[in-house]
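Remarks on the structure that follows.
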Amino acid sequence: MELTVDFGNPVFDEQAAWAITPEDLDKFYCSAGEVDQLNLFFQLEASFRRHLEAGRAELSAHLAFLTAYYLFTPLTPPASWELATYYIREALRLHPAQEYREWCALIEKGN
């Protein structure tokens, strides 16, 4: 999936959110400018919160996982470990998938 930052529609709809993979986040980070690299985090955060408020726990878990991954792996801002830990724990709280458990163990080792 090709990701774009869209100020007019900053929330990924259900279909688009499910289609996003960690590889998509890596590709976006490598090709985007610095401002869009940062803005994608906010788009992931807004999508996570919107779908969580709508009661879509499993989708919210997927978005929390993607946010944790993005913060921990390509973006790595200050406090990336703390932020990624929060989001991966949210993903596990909402839907304890094996992939999230594996990433939680990796993230908790630190970067």
Side-chain angles (χ1 to χ4, degrees):
M1 168 178 200
E2 187 167 335
L3 296 172
T4 59
V5 173
D6 183 352
F7 282 85
N9 186 19
V11 174
F12 293 111
D13 66 30
E14 238 179 299
Q15 183 179 0
W18 277 120
I20 301 169
T21 67
E23 293 79 18
D24 295 326
L25 298 174
D26 291 337
K27 287 177 190 174
F28 178 86
Y29 184 83
C30 288
S31 65
E34 187 175 354
V35 171
D36 278 346
Q37 290 170 343
L38 295 171
N39 283 335
L40 183 61
F41 163 74
F42 294 107
Q43 197 162 349
L44 289 166
E45 167 69 13
S47 300
F48 164 69
R49 294 201 176 269
R50 174 83 52 88
H51 291 292
L52 184 61
E53 289 173 4
R56 297 182 192 103
E58 194 170 340
L59 179 57
S60 298
H62 176 67
L63 287 160
F65 160 68
L66 293 171
T67 305
Y69 175 86
Y70 191 64
L71 285 164
F72 190 73
T73 304
L75 193 60
T76 60
S80 63
W81 177 81
E82 289 84 355
L83 293 166
T85 298
Y86 168 78
Y87 283 102
I88 199 64
R89 288 179 180 166
E90 281 296 289
L92 284 167
R93 180 182 69 79
L94 293 164
H95 183 72
Q98 182 61 31
E99 180 180 23
Y100 305 160
R101 283 191 206 104
E102 291 168 5
W103 270 98
C104 186
L106 191 78
I107 289 169
E108 287 181 345
K109 289 181 182 179
N111 52 359

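FYI, side chains are in, hydrogens and waters are out, and symmetry mates aren't considered; it's all heavy atoms of this structure.
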Does the pair Glu58 and Trp18 meet the rule for a side-chain contact (heavy atoms from CB on, under 4.5 Å), with working shown? CA-CA 10 Å; Glu58 194 170 340; Trp18 277 120; 3.8 Å; yes

Could you report the tightest heavy-atom contact between Ala17 and Leu59, atom names first, then the distance? CB-CD1, 3.7 Å

So, do Tyr87 and Ile107 sit near enough that their side-chain heavy atoms are less than 4.5 Å apart? no

Hey, is CD on Gln98 packed in by over 12 heavy atoms from elsewhere, all under 6.0 Å? yes

More than 12 foreign heavy atoms under 6.0 Å from CZ of Arg56: is that the case here? yes

Where is the tightest heavy-atom contact between Phe41 and Tyr70, given as atom of each residue plus distance? N-CE2, 4.0 Å

Would a single hydrophobic cluster contain both Val11 and Leu40, if residues Ile, Leu, Val, Met, Phe, Trp and Tyr are joined by side-chain heavy-atom contacts under 4.5 Å? no

Could you grab the distance from atom NZ of Lys109 to atom SG of Cys104, nearest 0.5 Å is fine? 11.5 Å

Report the distance from atom CD of Glu2 to atom CD1 of Ile20, rounding to the nearest 0.5 Å. 12.5 Å

How far apart are the closest heavy atoms of Ala64 and Phe48, and which atoms are they? CB-CE1, 3.7 Å

Minimum heavy-atom distance between His51 and Glu14, given as atom pair plus value: CE1-N, 3.9 Å

Do Arg89 and Glu108 meet the salt-bridge criterion of a basic N to acidic O distance under 4.0 Å? yes

Spatial distance of atom CZ (Phe72) from atom CG (Leu106) [nearest 0.5 Å]: 5.5 Å

Between Leu71 and Leu83, which heavy-atom pair has the shortest distance, and what is it? CD1-CB, 3.7 Å

Can you name the nearest heavy-atom pair linking Ala61 to His95, along with the distance? CB-CB, 3.6 Å

Step-by-step salt bridge (charged side-chain N to carboxylate O under 4.0 Å, His left out) determination, Lys27 to Glu23: CA-CA 6 Å; Lys27 287 177 190 174; Glu23 293 79 18; over 6 Å; no

In terms of hydrophobic clustering (I, L, V, M, F, W, Y; side-chain heavy atoms under 4.5 Å; direct or indirect links), are Tyr29 and Leu3 co-clustered? yes

hydrophobic_cluster_shared for Val35 and Phe28, side chain cutoff 4.5 Å: no

So, do Arg101 and Leu92 sit near enough that their side-chain heavy atoms are less than 4.5 Å apart? yes

Hydrophobic cluster membership, Leu66 vs Val5, 4.5 Å side-chain cutoff: yes

Which distance, rounded to the nearest 0.5 Å, do you find between the CD of Gln43 and the OG1 of Thr4? 6.5 Å

Got Tyr69 and Thr21 here, is their nearest side-chain heavy-atom distance under 4.5 Å? no

Are more than 12 heavy atoms from other residues, nucleotides or ligands located less than 6.0 Å from atom CD of Glu82? yes

Is the shortest heavy-atom distance from the side chain of Thr73 to the side chain of Leu25 under 4.5 Å? no

